[in-house]
Amino acid sequence: MKNKKNKGINAFDEFYRDTFKERWPKLKESFLAAKKYLAFQLNGETKEASFFDPPLVLDSGLKNYYIMDPASYFAAYELAALPGERVLDMCAAPGGKTLVLASKLSAKDSLVANERSAPRRNRLINTIKDYIGETSQIKVTGHDATKWCLYEKEVYDKILLDVPCSSERHLLEKPSLLKDWKPARSKKLAITQWTLLAGAFEVLKPGGFLMYSTCSISNLENDEVIRKLLKKYSNAEVKKIDLAEKTEFGQIFLPDTSGYGPLYFTLINKKAEA
Ligand SMILES: C[S@@+](CC[C@H](N)C(=O)[O-])C[C@H]1O[C@@H](n2cnc3c(N)ncnc32)[C@H](O)[C@@H]1O
């Protein structure tokens, strides 16, 4: 880093210019442009939408669709549950991806939606109540996901791990948040993400699939976390998906080309034999 203070908007710019080179100014600008959204219905249907399309309340009392970034929808959709599987959404609030996972459940499946923060867990509970209603198929828990593997190992067939991350789009939308930005911020998040990912991999059944996703564009939080997993576990294997821009191990939706995201995701298989 050449920036003397190594802090604030200039350090932020320098950090991401190092990665994206001449693409960075256009990419940065696209973070502030109008976003694309889709309306997701629990019957699995989707359609283009505006963030300002208010969901209708149906005769059943449930809301008719959830507005979300198409990239988030795809990441959850690609973790398809099969009949009889146990599915875990480890960092679930406010719950958009939980709804996508729930829409694919059969009567025999069960879904655990976990969120450590109490206020955000309430949002998750309300999302489920508003769009699905009372259901015994979804259990909401409030655990620290970094410690999950101390209590359960090799239990779930499918795990969605949508980790807390740098959320650069959010930072650019609220420049006051960039005042004290430092590269150490992304490095620190990457440590937590690695703890979450390694723990989640222990909780995954052999033969199971784990979707790791972030809304960050920092390589430290994306491919570098996956690199560590592949280095540590010889039975971890990246599964090919062809939806967005390829990165070394995964895929990324970036708003300058797709109008979606940003959203990075990698689907990992825990091979049955090491
Ligand atoms: C990127 S958000 C999840 C968004 C959600 N998957 C969705 O699509 O609506 C990450 C969430 O992880 C939660 N979180 C952070 N650390 C956690 C931990 N150690 N255990 C469980 N949840 C955690 C945060 O409170 C936040 O709600």
Side-chain angles (χ1 to χ4, degrees), residues 7-20 23-38 51 66-76 89-98 100 114-117 119-121 123-124 127 145-146 160-197 200 211-226 244-245 247 250-266:
K7 189 174 144 178
I9 179 82
N10 291 339
F12 177 85
D13 256 337
E14 198 169 327
F15 183 81
Y16 290 103
R17 206 180 310 113
D18 267 358
T19 307
F20 292 98
R23 185 177 179 180
W24 174 236
K26 191 168 156 259
L27 179 59
K28 188 170 131 186
E29 206 179 287
S30 73
F31 280 26
L32 300 171
K35 292 185 194 179
K36 286 189 185 165
Y37 288 97
L38 66 75
F51 184 67
Y66 187 92
I67 303 288
M68 65 196 301
D69 186 316
S72 296
Y73 165 78
F74 287 127
D89 188 353
M90 268 190 143
C91 298
K97 295 187 191 71
T98 309
V100 179
N114 180 66
E115 170 57 51
R116 183 181 59 175
S117 144
R120 288 181 65 84
R121 192 159 62 249
R123 284 183 67 191
L124 171 67
T127 301
T146 60
L160 175 63
L161 181 63
D162 188 32
V163 292
C165 69
S166 275
S167 303
E168 292 87 354
R169 185 165 206 155
H170 182 62
L171 297 180
L172 283 164
E173 282 167 353
K174 286 204 174 153
S176 62
L177 297 175
L178 280 173
K179 203 164 53 70
D180 295 318
W181 187 92
K182 289 182 192 163
R185 187 192 147 102
S186 183
K187 288 182 191 154
K188 202 169 156 202
L189 279 161
I191 293 168
T192 305
Q193 290 154 352
W194 163 240
T195 312
L196 283 163
L197 179 59
M211 181 68 86
Y212 174 84
S213 62
T214 83
C215 61
S216 173
I217 57 167
S218 167
N219 213 18
L220 300 176
E221 300 175 44
N222 297 339
D223 277 346
E224 291 309 319
V225 180
I226 303 297
E245 279 180 50
T247 66
Q251 305 260 303
I252 192 162
F253 281 106
L254 290 171
D256 60 339
T257 47
S258 65
Y260 305 165
L263 198 97
Y264 169 89
F265 56 102
T266 301

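The chain is numbered in sequence order, starting from 1.
For the salt bridge (charged side-chain N to carboxylate O under 4.0 Å, His left out) test, no residue two or more places apart in sequence or in another chain qualifies with Lys36. Applying the salt bridge (charged side-chain N to carboxylate O under 4.0 Å, His left out) test to Glu168 and every residue at least two apart in sequence or in another chain returns nothing. In this structure, Arg121 has no salt bridge (charged side-chain N to carboxylate O under 4.0 Å, His left out) partners at least two apart in sequence or on a different chain. Every residue two or more places apart in sequence or in another chain was checked for a salt bridge (charged side-chain N to carboxylate O under 4.0 Å, His left out) with Asp69, and none qualifies.
To the nearest 0.5 angstrom, Phe31 atom CZ is 12.0 Å from Lys26 atom NZ. Here Lys35 contributes atom NZ and Tyr37 contributes atom OH; the two are 4.0 Å apart, rounded to the nearest 0.5 Å. The SG atom of Cys215 lies 10.0 Å from the CD1 atom of Ile252; values are rounded to the nearest 0.5 Å. Atom-to-atom distance recorded for Thr214:OG1 and Asp162:CG is 8.0 Å, nearest 0.5 angstrom. The CG atom of Leu171 sits 5.0 Å away from atom CG of Leu178, with the distance rounded to the nearest 0.5 Å. In this structure, OG on Ser72 lies 8.5 Å from OH on Tyr66, to the nearest 0.5 angstrom.
What you find for Lys97 and Ser213 is that their closest heavy atoms are CE-OG, 4.5 Å. Across all their heavy atoms, Ser216 and Asn222 have their closest contact at O-ND2, 2.9 Å. The shortest heavy-atom contact between Arg169 and Pro255 is NH1-CB, 3.9 Å.
The side-chain heavy atoms of Thr98 and Thr127, taken from C-beta on, include no pair separated by under 4.5 Å. Using a 4.5 Å heavy-atom cutoff, the side chains of Pro94 and Leu124 are not in contact. Residues Leu196 and Met90 have side chains not in contact (no heavy-atom distance under 4.5 Å, counting atoms from C-beta outward). Taking the side chain as every heavy atom from C-beta outward, Val225 and Leu220 never approach each other to under 4.5 Å. Side-chain atoms of Thr146 and Arg116, non-hydrogen and from C-beta on, never get closer than 4.5 Å to each other. In this structure the side chain of Tyr212 reaches within 4.5 angstrom of the side chain of Gln193, judged on heavy atoms. No side-chain heavy atom of Pro175 sits under 4.5 Å from any side-chain heavy atom of Ile9. By the 4.5 Å heavy-atom criterion applied to side chains, Leu38 and Met68 are counted as neighbours.
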Practice prompt. Report the C-alpha distance between Ile226 and Leu197 in whole Å, list the side-chain angles of each, state the deciding distance to 0.1 Å, and finish with yes or no for side-chain contact (heavy atoms from CB on, under 4.5 Å).
Written response: CA-CA 8 Å; Ile226 303 297; Leu197 179 59; 4.0 Å; yes
Practice item. List the steps and the verdict of side-chain contact (heavy atoms from CB on, under 4.5 Å) for Leu161 and Cys91. Key: CA-CA 6 Å; Leu161 181 63; Cys91 298; 4.2 Å; yes
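Checking Asp18 against Trp24 by side-chain atom types alone, no donor-acceptor pair falls below 3.5 Å. Judged by distance alone, the side chains of Thr19 and Asn219 never bring a donor and an acceptor atom under 3.5 Å apart.
The closest donor-acceptor contact from the side chain of Ser117 to the backbone of Arg120 lies under 3.5 Å.
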Do any side-chain atoms of residues 179-188 form donor-acceptor pairs under 3.5 angstrom with protein atoms, and if so which ones, sequence neighbours left out?
residue, atom, partner, partner atom, Å
Ser186, OG, Ser218, OG, 2.7
Ser186, OG, Glu221, OE2, 2.6

Acceptor/donor pairs from residues 256-265 side chains to any protein atom, 3.5 angstrom cut, sequence neighbours excluded:
residue, atom, partner, partner atom, Å
Asp256, OD1, Arg23, NH2, 2.9
Asp256, OD2, Arg23, NE, 2.7
Asp256, OD2, Arg23, NH2, 3.3
Thr257, OG1, Glu245, OE2, 3.1
Thr257, OG1, Leu254, O, 3.3
Ser258, OG, Leu254, O, 2.8
Ser258, OG, Tyr260, N, 2.9
Ser258, OG, Tyr260, O, 3.4
Tyr264, OH, Asp223, OD1, 2.5
Tyr264, OH, Thr266, OG1, 2.8

